[in-house]
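First the structure, in the form of structure tokens, and then the observations on it.
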There are 2 protein chains.
Amino acid sequence: MNDPHAARQDTRKKILDLAEALWLGRGFNSFSYQHISRELGVKNAAIHYHYPRKTDLGVALIERYRRRFGRFAEAQAGLDPREQLEQYFGLTDAYHDQDGQICPSGVLSSDFPTLPDEMQQAAQAFVAEMRTWAVAILREGRERGVMQYPGSPEAMGELVFAALQGALQLARLDRTALPAIKQQVRCLLGFADAEPHHEEDHDNTKKSHEPHRRQGE
Amino acid sequence: MNDPHAARQDTRKKILDLAEALWLGRGFNSFSYQHISRELGVKNAAIHYHYPRKTDLGVALIERYRRRFGRFAEAQAGLDPREQLEQYFGLTDAYHDQDGQICPSGVLSSDFPTLPDEMQQAAQAFVAEMRTWAVAILREGRERGVMQYPGSPEAMGELVFAALQGALQLARLDRTALPAIKQQVRCLLGFADAEPHHEEDHDNTKKSHEPHRRQGE
DNA sequence: GACACCTTACTAACCGGTAAGTAGAGTGGG
DNA sequence: CCCACTCTACTTACCGGTTAGTAAGGTGTC
């Protein structure tokens with residue numbers, strides 16, 4: 001231990017981690033450098049040292065998440081599409097259980113008009129990736145014959161993606177919204193053997209369903 | 001003219017109208033009294049005269065919208081459920097075409113954790129009404145035999161509602177999202193005769209689709 | 001003169017951001 | 001081995017601007 005670069009990476013990562021929780025929990029414009037510095041026990045200017053402008057922090061948040069998501073998508077590529085969908089659902093649960101966070105695409109599209117140009121561009125690229133990934137699951141599901149639905153995989157993928165994004169937000173006002181919508185998506189895809197009643201709240205002890213969180217830089 | 005109460009109502013209404021556009025376009029925390037007063041040609045304190053705290057303005061926004069929505073829902077009650085759905089779609093188009101606004105439920109659920117208590121309660125009641133209304137359309141559609149879908153009307157209503165909310169937000173980053181998702185909803189409900197290709201952007205000159213906007217107080 | 005409706009003038013807190021200084025660890029030269 | 005230097009990672013002390021909010025005063029109308 002006592003890695004010379006440990007301290008640097010440590011604070012830098014802590015800033016990003018804390019900023020991410022605030023970002024997904026409150027939105028980009030509703031947290032300040034003070035929220036981070038106070039919690040972290042450092043001064044405001046220390047944050048500015050690592051991320052000079054808030055825009056820099058915002059872009060870093062998007063880019064880190066994008067890389068993390070890329071690894072997640074790659075790791076589950078080739079899996080049974082239905083299992084991929086369930087992992088997707090598990091992700092949404094993990095968000096919600098973490099103080100009612102919402103997914104990055106939800107917070108990005110909500111805040112979009114108020115974001116600086118650099119963040120808008122990063123957001124567009126990132127959200128496009130996520131939507132493409134959702135479409136791919138639905139396409140593969142039909143090709144392999146494990147999902148049945150009308151319309152194109154593109155349209156169905158976009159719809160499921162939008163529905164989950166909306167469900168996570170609505171779950172802040174009424175927690176029953178999220179499981180109900182997930183169940184209906186299963187239903188629409190022809191999963192007759194979907195969970196018998198309601199899995200209800202998070203007594204899903206079956207898996208950790210916290211598929212990414214880790215990594216530096 | 002020269003109604004004694006005209007001036008009062010006038011400024012008061014102008015404030016609310018402007019606040020509403022800013023609210024749906026940027027979110028509750030991303031507009032200030034300055035945005036309103038500057039545009040309106042009055043001083044900041046004039047807004048505080050009508051709405052002492054920003055919370056008062058926020059609650060007034062929700063309550064007004066709730067009344068307006070109540071009239072809208074009542075006016076279309078008894079209509080063909082499919083036509084009701086199309087009017088709902090027309091509403092989403094109207095939002096989007098107005099500088100990329102999103103629906104009230106979308107902005108409320110996004111901002112929710114940062115809102116004051118009074119607004120949170122008003123928001124929960126209002127969004128619950130909207131969701132109930134969406135469910136009613138889907139239920140009636142099945143009862144009358146004009147819509148076919150698996151699962152319960154409750155679950156399907158929630159899903160459609162969440163999907164439209166998400167679609168409106170995503171349309172800010174990619175305008176193709178909204179028509180694609182609307183079309184897929186039609187598709188899922190068994191509307192085989194749905195518009196042949198893509199209605200695409202707003203060349204829908206067929207109707208004004210701006211179903212409410214008016215009223216004082 | 002009472003009241004509705006506004007303005008002027010102000011406050012304290014917070015916002016993102018900057019400049020200058022410093023503690024400490026690492027490094028190269030003699 | 002030690003001194004001089006550099007670099008990273010901060011702190012202290014600001015800046016101008018914006019935020020919501022208030023108090024007091026003015027003006028027109030009934």
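Convention: sequence-line order gives letters A, B, ...; per-chain numbering from 1.
Judged by distance alone, with hydrogens and angles left aside, the side-chain atoms of B:Asp111 form no donor-acceptor pair with the main-chain N or O of B:Leu108 at under 3.5 Å.
Seen from the ring of A:Phe72, A:Arg67 does not count as a face-on cation partner, given the 6.0 Å and 45° thresholds. Figure legend: A:Lys43 and A:Tyr33 shown without cation-pi pairing, the cationic atom not lying both under 6.0 angstrom from the six-membered ring centre and within 45 degrees of its axis.
Of the candidate nucleotides C:dC6, D:dC10, C:dT8, C:dT8 has the atom lying nearest to any side-chain atom of B:Ala45.
At whole-Å resolution of the value, CG in B:Leu57 and C1' in D:dG21 are 14 Å apart. Atom pair B:Ile47:CD1 and D:dG21:P shows a separation of 13 Å (rounding to whole Å applied). Rounding to whole angstrom units, NZ of residue B:Lys43 and C1' of D:dA24 are separated by 17 Å. For B:Tyr49 and C:dC3, the OH to P distance is 12 Å, given to the nearest whole Å.
Tested against A:Asp10 for a side-chain hydrogen bond (donor to acceptor under 3.5 Å, both in side chains), the candidates A:Lys13, A:Lys14, A:Arg12 yield a single pass: A:Lys14.
Between A:Trp133 and A:Phe161, the ring center distance fails the sub-6.0 Å criterion.
Salt-bridge check for B:Glu63 with B:Arg66: passed, with a basic side-chain N closer than 4.0 Å to an acidic carboxylate O.
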Every protein N/O within reach of nucleotides 17-20 of chain D N/O, cut-off under 3.5 Å:
unit_1 : atom_1 : unit_2  : atom_2 : d
D:dT19 : OP1    : B:Ser32 : OG     : 3.0
D:dT19 : OP2    : B:Ser32 : OG     : 3.4
D:dT19 : OP2    : B:Gln34 : NE2    : 3.2
D:dA20 : OP1    : B:Lys54 : NZ     : 3.3
D:dA20 : OP2    : B:Tyr33 : N      : 3.2

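Residue A:His50 places at least one side-chain N or O closer than 4.0 Å to OP1 or OP2 of D:dC10.
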